[in-house]
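Notes for the one structure printed next.
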Amino acid sequence: VLPDCDGKNCPEFMVERLQSNFPFIDKIIDQQILNTLNQILEIAEPDAKGTQTEQKAEASAGAEQKDSFDAQVQRYANSFIDLDNELKALSSNHQINLLVKPKILQAQGKVVTVVLNSSSYLGGAHGSAAQHYYNFDLKEQKQIELEDLLRPQKKAALEKLAHEAFKTWVTDSKLADNVADYEQAWPFKLSNNFLLGEQGLILQYGEYEIGPYVVGLPRLVIPYAQLQDVLKEDYLPQPKAKP
């Protein structure tokens with residue numbers, strides 16, 4: 001529920017929900033959507049009276065439960081509109097926007113991956129974006145973390161391979177002549193945000209994690225050929241059956 005607005009400076013707020021055939025996945029992604037909204041808007045818990053906007057929204061919600069997903073998203077929408085009103089009171093012509101959108105990706109073997117994309121511009125020097133992957137084992141009906149992919153005592157081996165991929169990325173991207181100098185400002189770290197891609201394990205990074213804003217959302221790819229002794233067999237590409 002958003003107020004009527006005309007003109008080029010209308011705020012844009014869009015939150016999409018995942019509707020898959022797996023309720024346990026949808027429930028986890030719903031919570032991650034709310035977490036993402038909280039990271040972007042950082043709103044406090046509403047008090048008993050609530051703001052004027054919240055009171056109007058609750059009246060329009062009717063019989064909807066206060067703690068339902070829609071009601072929680074409405075609180076973030078209210079905060080977003082309040083921010084827009086504050087900016088307009090300061091004579092700002094910025095058009096602020098916020099988007100959160102999940103999408104289910106094609107399964108790789110026994111794993112199904114959901115990507116949650118988000119972007120926002122809240123009137124600062126520039127906008128912000130994020131891309132997070134959530135991986136699920138359908139057979140066991142649980143979320144998979146990076147360590148679940150690894151053979152015993154292979155985390156150090158993965159970190160070494162990822163660090164080599166990082167060095168190649170720094171050099172290929174011409175971010176520095178000397179990787180050691182680059183790491184003084186942007187040290188390597190192993191991301192837990194991952195995707196089992198077609199060619200290899202993809203490690204996704206956020207803004208400012210391993211580089212300045214200009215590099216966007218970097219990703220490192222470790223080919224499966226290098227991971228034969230690192231990943232469990234279940235998470236390596238299976239040879240295609242001969243016809």
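Just so it is clear, the values below take in all heavy atoms, side chains as well, and ignore hydrogens, waters and symmetry mates.
- Listed by chain and number, the residues in a side-chain hydrogen bond (donor to acceptor under 3.5 Å, both in side chains) with Asp30 are Arg17 (sequence neighbours excluded).
- Residues passing the side-chain contact (heavy atoms from CB on, under 4.5 Å) test with Lys27: none are found, sequence neighbours excluded.
- Among residues two or more places apart in sequence or in another chain, the side-chain contact (heavy atoms from CB on, under 4.5 Å) test is passed with Ala130 by Ser118.
- Pairs of residues two or more places apart, or lying in two chains, never qualify as disulfide (SG to SG under 2.5 Å) while including a residue from residues 191-231.
- Residue pairs meeting the ring-ring contact (aromatic ring centres under 6.0 Å, His included) criterion with at least one member in residues 78-102, sequence neighbours excluded, are Phe13-Phe80, His94-Tyr121.
- Cluster partners of Met14, by chain and number: Leu99. The rule joins Ile, Leu, Val, Met, Phe, Trp and Tyr whenever side-chain heavy atoms lie under 4.5 Å apart.
- Remark: Lys155 pairs with Glu147 by the salt bridge (Lys or Arg N to Asp or Glu O under 4.0 Å) rule, at least two apart or across chains.
- Partners of Lys167 under the side-chain hydrogen bond (donor to acceptor under 3.5 Å, both in side chains) rule, at least two apart in sequence or in another chain, are Glu164.
- Every side-chain hydrogen bond (donor to acceptor under 3.5 Å, both in side chains) that Ser128 has, sequence neighbours left out, goes to Glu207.
- In this structure, the side-chain contact (heavy atoms from CB on, under 4.5 Å) partners of Ile104, at least two apart in sequence or on a different chain, are Leu18, Ser20, Val112, Val114.
- In terms of the side-chain hydrogen bond (donor to acceptor under 3.5 Å, both in side chains) criterion, residue partners of Glu183 (sequence neighbours excluded) are, by chain and number, His163.
- Under the side-chain contact (heavy atoms from CB on, under 4.5 Å) criterion, Cys10 pairs with Cys5, sequence neighbours left out.
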